[in-house]
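Data block below; observations after.
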Amino acid sequence: MNTPSSTTDTPPPPHHDGPSAISGKAVRPGDRIFLGLSRGSGIALLVIMAAIAVFLTYRSVIAISGDKANFFTTLDWNATGLEPKFGIAVLAFGTVVSSIVAMVIAVPVAVGIALFISHYAPRRLSSPLGYVIDLLAAVPSIIYGLWGALFLVPHLTGLYTWLDDYLGWTGIFEYGGGAARSLFTVGILLAIMILPIVTSVSREVFLQVPKMHEEAALALGATRWEVIRMSVIPFGRSGIISASMLGLGRALGETMAVATVLSPSFLINASLLDPGGGTFAQNIASKFSEADQFGQDALIASGLVLFVITLLVNGAARLIIARRKEYSGAAA
């Protein structure tokens, strides 16, 4: 009588040979085609970005070499004179200041709207409201510009007066009268324009929060706000940063709306409420049609600065996201 063996024989692991073996390489024709298209698309994008950078740099070198003034500190733009003198100090100041004003206004409001749609509003209200917010992103910028020039500018005088009464002592909100065609008005208009972008991305991020996180917080006795503060916002922090950078990208490069509302002048005012100022995109749009070959090169040089600023902003955002990813809850 045979006794059972004390050890159990285990079958050898399966061995795959030939094209059906599981590996990291594409083995089917469809896989090879998809891999080639994906890789080609990525390479094409890098080539296009490099070509843009080379073109901007080449034309910018021609312009800067012929500039009779300091390109970075000059408060003037006269690229068509016998002695061209132009600089980006006013344009850089106006672009950065108007974008900061837009972000300070838009990001808190957008995050609040996204939280309301995703965690507070009933379903019958959240869907239509989300649709309306998404629809705002499709409105052309010239429509925003016309609305800002014909409606927003005349109705901001009261706000300007109130800011001057209570915050005018700071010098930043000092108002001397006149039309509200200033960088602060531009910032408000840009905030309205980037609001749907930041809201839509933030809302989708908040909807991806694992329900187990929220239910665990509720089981521990947390209120709805504590659930949002401890579970939803930490999980979506990187998404909020990404949404903000998308909105900032539009604010930095907005052209027609800014050109319609702003009263351009090459002055740097201490007060945000004083008319005047300028941005890179607005200056290019207003001067490109009347510029000669060298004037176009000068405008391209200013476009290169805007290109570099955009790359630096997005690079900084990626670093922030990478450093905070392990604390965001996204890996849970």
Side-chain angles (χ1 to χ4, degrees), residues 24 38 96-139 144 159 166-167 187-252 254 310-332:
S38 302
V96 173
V97 168
S98 60
S99 298
I100 290 176
V101 172
M103 296 297 292
V104 169
I105 297 174
V107 172
V109 176
V111 172
I113 296 174
L115 288 172
F116 175 76
I117 294 175
S118 60
H119 287 80
Y120 285 93
R123 186 179 299 273
R124 65 178 61 183
L125 177 62
S126 61
S127 296
L129 184 58
Y131 175 76
V132 172
I133 295 296
D134 294 340
L135 192 62
L136 290 175
V139 177
Y144 281 109
L159 175 62
Y166 292 94
L167 299 175
I188 295 175
L189 183 62
L190 291 176
I192 298 173
M193 296 179 66
I194 68 177
L195 188 66
I197 300 176
V198 183
T199 301
S200 299
V201 178
S202 300
R203 181 192 68 215
E204 296 301 321
V205 172
F206 293 151
L207 290 175
Q208 301 302 319
V209 177
K211 293 299 180 183
M212 294 179 61
H213 289 193
E214 301 181 27
E215 293 173 356
L218 290 172
L220 293 174
T223 62
R224 179 175 294 186
W225 162 242
E226 289 173 337
V227 170
I228 291 176
R229 182 171 59 86
M230 295 186 299
S231 299
V232 177
I233 293 180
F235 181 90
R237 184 180 291 115
S238 59
I240 295 173
I241 296 174
S242 300
S244 302
M245 292 305 104
L246 286 175
L248 180 59
R250 181 171 185 182
L252 289 171
E254 183 53 48
T310 304
L311 291 180
L312 292 177
V313 168
N314 284 274
R318 295 304 306 172
L319 290 176
I320 294 174
I321 293 173
R323 293 182 61 182
R324 292 181 175 271
K325 184 186 299 182
E326 56 182 315
Y327 305 106
S328 66

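Remember, it's a predicted structure, so these values are computed and weren't measured experimentally.
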* **side-chain hydrogen bond (donor to acceptor under 3.5 Å, both in side chains) pairs, two or more places apart, involving residues 107-123** => His119-Glu214
* Structure fact -> Of all heavy-atom pairs linking Leu189 and Tyr144, the shortest is CD1-O, 3.6 Å
* Taking only residues two or more places apart in sequence or in another chain, which ones pass side-chain contact (heavy atoms from CB on, under 4.5 Å) with Glu226? -> Ala222, Thr223, Arg229, Met230
* Structure fact -> Closest heavy-atom pair, Ser244 versus Met103, reported as atoms and distance to 0.1 Å, is O-CE, 3.3 Å
* With side chains defined as the heavy atoms from C-beta onward, is the minimum distance between Leu246 and Val198 less than 4.5 Å? -> no
* Structure fact -> Correct closest heavy-atom pair for Gly247 and Ile197 would be N-CG2, 4.2 Å
* To do: Check Ile188, Leu190, Leu195 against Ile105 for a side chain to side chain contact (heavy atoms under 4.5 Å, CB included) and give me the one that passes.
  => Ile188
* To do: For Tyr166, enumerate each residue passing the ring-ring contact (aromatic ring centres under 6.0 Å, His included) test, keeping only those at least two apart in sequence or located in another chain.
  => Trp162
* What residues, two or more places apart in sequence or in another chain, satisfy side-chain contact (heavy atoms from CB on, under 4.5 Å) together with Thr310? -> Leu252, Leu306, Asn314
Distance-only donor-acceptor pairs under 3.5 Å for side chains of residues 129-137, two or more places apart:
from: Asp134; atom 1: OD1; to: Ser200; atom 2: OG; distance (Å): 2.5
from: Asp134; atom 1: OD2; to: Arg203; atom 2: NH2; distance (Å): 3.2

* Kindly state each residue pair satisfying side-chain hydrogen bond (donor to acceptor under 3.5 Å, both in side chains) with at least one member in residues 99-108, sequence neighbours excluded. => none
* To do: Supply the atom-to-atom distance Phe116 CZ to Thr199 OG1, rounded to the nearest 0.5 angstrom.
  => 12.5 Å
* Go through Ile240 and Arg237 one step at a time and tell me if the side chain to side chain contact (heavy atoms under 4.5 Å, CB included) criterion holds. => CA-CA 5 Å; Ile240 295 173; Arg237 184 180 291 115; 5.5 Å; no
* **Heavy-atom pair of closest approach, residues Val139 and Arg250** => O-NH2, 4.1 Å
* Structure fact -> Taking every heavy atom of Pro210 against every heavy atom of Phe235, the minimum-distance pair comes out as CD-CE1, 3.6 Å
* **Minimum heavy-atom distance between Ala217 and Val227, given as atom pair plus value** => CB-CG2, 3.8 Å
